[in-house]
Amino acid sequence: EIVLTQSPGTLSLSPGDRATLSCRASQSVNSFLAWFQQKPGQAPRLLIYGEGVRATDVPDRFSGSASETDSTLIISRLEPEDFGVYYCHHYGSTRAFGQGTKVEIK
Amino acid sequence: QVYLVQSGGGLVKPGGSLRLSCAASGFSFSDYYMMWIRQAPGKGLEWVSFISSGGTYTRYADSVKGRFTIFRDNAKESVFLQMDSLRVEDTAVYYCAKDPLGDYWGQGTLVTVSS
């Protein structure tokens, strides 16, 4: 079973700040990692997958990178609509989600 | 336009059963794996199960193995989650999603297990 650990648990930032979110897998995931954004009462939205591929209609202020066991999501300049909870997701031979990182307004 | 429309869910007593449905449109359903994910109140996402495009290969999270069954009807472009022996800790919003990326999700349906 692959376990994904996200850090930090919470990021308190202001609009315009840069956000860096991390996801570490307990074993190799061969870059099969994706990132989702979720806002209250809504289904998650796919943002980034694989080696930094943006999903449809995702703004270019979102970027990502992935390696065998790690992935990073960067939001270059936070917009008000970017505040919410972010999850990483492994989609290889099995599936798993990280526990989430909350990006909140400082 | 891709749609995943869920139905089912509701209140059930511990030990009871419930079936969730997810009807797809807007993509070639029979070509894709599908999955179910749940989210307990105030908690994070938990992957529950996935099923292969032809329906012959399935996998489950340990927390539901032996109690939940995923299946699909490609002619009706639908995927289902049969939930038996339900426990209080199965209370959650359940989502279906296009596997493996999760690029499309259903609207979610609340399952409440309570006496």
Side-chain angles (χ1 to χ4, degrees), chain A residues 1-10 21 23 25-26 29-58 62 64 66 71 73 84-104, chain B residues 1-7 9 20 22-24 26-27 32-53 57-66 68 70 79 81 92-111:
Chain A
E1 179 189 352
I2 292 175
V3 177
L4 301 181
T5 302
Q6 293 185 236
S7 59
T10 302
L21 290 71
C23 176
S26 57
V29 292
N30 292 319
S31 301
F32 289 122
L33 286 173
W35 287 92
F36 290 87
Q37 175 195 66
Q38 189 179 33
K39 297 181 182 179
Q42 296 183 16
R45 172 197 179 197
L46 177 67
L47 297 174
I48 300 275
Y49 60 95
E51 296 183 3
V53 181
R54 275 189 296 275
T56 304
D57 295 332
V58 173
F62 291 91
S71 181
L73 175 70
V85 183
Y86 291 79
Y87 295 94
C88 61
H89 166 57
H90 169 57
Y91 57 96
S93 57
T94 184
R95 313 286 184 265
F97 286 93
Q99 82 279 17
T101 291
K102 183 178 182 180
V103 178
E104 63 178 21
Chain B
Q1 190 81 335
V2 172
Y3 293 101
L4 294 173
V5 179
Q6 298 181 223
S7 58
L20 306 182
C22 173
F27 66 102
Y32 290 92
Y33 283 41
M34 296 292 293
M35 63 177 166
W36 289 93
I37 304 99
R38 68 184 181 183
Q39 187 167 36
K43 302 297 184 183
L45 301 173
E46 179 188 14
W47 169 75
V48 173
S49 179
F50 73 73
I51 186 168
S52 64
S53 53
Y57 179 59
T58 59
R59 286 198 68 168
Y60 300 90
D62 287 345
S63 57
V64 307
K65 201 173 295 183
F68 289 13
I70 188 172
V79 61
L81 187 67
V93 173
Y94 285 73
Y95 295 98
C96 63
K98 183 169 162 281
D99 190 78
L101 280 179
D103 44 345
Y104 296 101
W105 292 60
Q107 80 276 19
T109 187
L110 178 61
V111 172

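Below, chains carry the letters A, B, ... as their sequence lines are ordered, and counting in each starts from 1. The analysis underlying the following values was restricted to heavy atoms, covering all of them including side chains, and did not include hydrogens, waters or symmetry mates. Keep in mind that this is a model prediction, so the values were computed, not measured.
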Colleague: For Tyr87(A) versus Lys43(B), what's the shortest heavy-atom pair and its separation?
Modeller: OH-O, 3.9 Å
Colleague: If every non-hydrogen atom of Ser93(A) is compared with every non-hydrogen atom of Arg59(B), which pair is closest and at what distance?
Modeller: O-NH1, 3.3 Å
Colleague: Quick one: are Asp99(B) and Arg95(A) in side-chain contact, heavy atoms under 4.5 Å?
Modeller: yes
Colleague: Where do Phe97(A) and Glu46(B) come nearest, in terms of heavy atoms and distance?
Modeller: CD1-C, 4.3 Å
Colleague: Is it true that, when you exclude Glu104(A) itself, more than 12 heavy atoms of the residues, nucleotides or ligands shown sit nearer than 6.0 Å to its CD?
Modeller: yes
Colleague: So for Tyr33(B), is it side chain, backbone, both, or neither that comes closer than 4.5 Å to the heavy atoms of chain A?
Modeller: side chain
Colleague: To the nearest 0.5 Å, what is the distance between CH2 (Trp47(B)) and CD1 (Ile2(A))?
Modeller: 11.0 Å
Colleague: Relative to chain A, which segment of Gln107(B) carries a heavy atom at a distance below 4.5 Å: side chain, backbone, both, or neither?
Modeller: neither
Colleague: Which of the residues Ala96(A), Ala55(A), Pro44(A), Ala34(A) is involved in the greatest number of heavy-atom pairs with chain B at under 4.5 angstrom?
Modeller: Pro44(A)
Colleague: Is it the case that atom NZ in Lys39(A) sees more than 12 heavy atoms from other parts of the structure closer than 6.0 Å?
Modeller: yes
Colleague: Using a cut-off of 6.0 Å, state whether more than 12 heavy atoms not belonging to Phe62(A) lie near its atom CZ.
Modeller: yes
Colleague: Using non-hydrogen atoms and a 4.5 Å limit, figure out which bit of Gln42(A) sits close to chain B: side chain, backbone, both or neither.
Modeller: backbone
Colleague: Need one label for Pro40(A): side chain, backbone, both or neither, based on atoms under 4.5 Å from any heavy atom in chain B.
Modeller: neither
Colleague: Can you give me the closest heavy-atom contact between Leu46(A) and Leu101(B), atom names plus distance?
Modeller: CD1-O, 3.8 Å
Colleague: For a 4.5 angstrom cut-off between non-hydrogen side-chain atoms, does His89(A) reach Leu45(B)?
Modeller: no
Colleague: Is chain B contacted by the side chain of Phe32(A), its backbone, both, or neither, given a heavy-atom distance below 4.5 Å?
Modeller: neither
Colleague: Go through the atoms of Ala43(A) and report whether side chain, backbone, both or neither lie under 4.5 Å from a heavy atom of chain B.
Modeller: both
Colleague: If every non-hydrogen atom of Phe36(A) is compared with every non-hydrogen atom of Gly102(B), which pair is closest and at what distance?
Modeller: CE2-O, 3.2 Å
